[in-house]
Amino acid sequence: MEVAMLNNRNTGFTLVELMVAAALASLVLGSAFGIWSYTRRNLARTSTRQILQQDATRILTQLKADLKAAKAETFKAGENPMSLEFIRYVVDKNDNTKLSAEQTEPVKYAFVKPILRRSAGDKGAKSLSNSVENIRISRKSLSAEQKEKDAYLESRVDITLEMKSMVPGSKIEESYTTVSSVV
């Protein structure tokens, strides 16, 4: 009978063994959760930054195309809210690599933080982004000497676009700024 009782005692776990196992499991799970949380947070920031860059690229591509096709002396700008209006030449229906000399359409950009909208022709306004922090469109003032030396600079327009958005699932704001020029 003594032999049977000794075998029963050796089959269980002691309280110390259970506590050590629980401590080790919590360390492993805690480390795994920390790594997972850090990775998820960085992926969210990277994703938000990529979305801001894509929005900025799309806005700049559209704005540059519009400004290159703009008819001279048709620009009107407003400040509150920021707006830019002009007339642009439309792409020729027969040859989409050229602008039509006869056909034009009015284009309007309106910025009410954080939304940038564009309307062209008789189409309604289309939102380009809802993450725009600021947009600046400027031209340099040139001296008479600079106009003679570098005449192309007179038609140069500089665009600064600042984008900002909250990272999903956090209180972190991600921002992206880009500068471009159109001649």
Would the distance check show the side chain of S165 and the main-chain N or O of S131 forming a donor-acceptor pair, the cut-off being under 3.5 Å? no
Has the side chain of S47 got a donor or acceptor atom that lies under 3.5 Å from a matching backbone atom of L43? no
Tell me which pairs pass salt bridge (Lys or Arg N to Asp or Glu O under 4.0 Å) where either residue lies in residues 121-130, with sequence neighbours left out. none
Partners passing side chain to side chain contact (heavy atoms under 4.5 Å, CB included) against [X] (at least two apart in sequence or in another chain):
X: E17; result: F13, T14
X: S138; result: D158
X: A56; result: L161, M163, Y176, T178
X: S175; result: K164

Applying ring pair (Phe, Tyr, Trp, His ring centres under 6.0 Å), name anything that partners F33, two or more places apart in sequence or on another chain. W36
Residues at least two apart in sequence or cross-chain that pass ring pair (Phe, Tyr, Trp, His ring centres under 6.0 Å) with F86, listed by chain then number, are F75
Using a 6.0 Å cut-off, check whether atom CZ of R117 has over 12 heavy atoms from anything other than its own residue. no
Under the side-chain contact (heavy atoms from CB on, under 4.5 Å) rule, what do D55 and L128 come out as? Steps first, then yes or no, please. CA-CA 8 Å; D55 278 359; L128 295 177; over 6 Å; no
side-chain contact (heavy atoms from CB on, under 4.5 Å), paired with L63, selected from I137, V182, V157: I137
To the nearest 0.5 Å, what is the distance between [atom1] on [X] and [atom2] on [Y]?
X: E173; Y: T48; atom1: CD; atom2: OG1; answer: 11.0 Å
X: R58; Y: Q54; atom1: CZ; atom2: CD; answer: 8.0 Å
X: E174; Y: S170; atom1: CD; atom2: OG; answer: 9.0 Å
X: R41; Y: T46; atom1: CZ; atom2: OG1; answer: 12.0 Å
X: L67; Y: Q62; atom1: CG; atom2: CD; answer: 10.0 Å

Shared hydrophobic cluster for L60 and V107 (ILVMFWY, side-chain gaps under 4.5 Å): yes
With sequence neighbours left out, the residues meeting salt bridge (charged side-chain N to carboxylate O under 4.0 Å, His left out) with E162 are R136
Residues K71, R88; criterion side-chain contact (heavy atoms from CB on, under 4.5 Å); working and verdict: CA-CA 5 Å; K71 189 174 180 181; R88 69 165 276 165; over 6 Å; no
Selection residues 115-147 - residue pairs positive for ring-ring contact (aromatic ring centres under 6.0 Å, His included), sequence neighbours left out: none
ring-ring contact (aromatic ring centres under 6.0 Å, His included) pairs touching residues 88-114, sequence neighbours excluded, are none
I'd like to check I59 versus L116 (side-chain heavy atoms, cut-off strictly below 4.5 Å). Are they in contact? yes
Is R118 close to K108 at the side-chain level, that is, under 4.5 Å between some pair of heavy atoms? no
Report the hydrophobic cluster partners of I172, with the cluster defined as I, L, V, M, F, W, Y residues connected by side-chain heavy atoms closer than 4.5 angstrom, directly or transitively. V167
Apart from L15 itself, what residues make up its hydrophobic cluster, given side-chain heavy atom links below 4.5 Å? M19
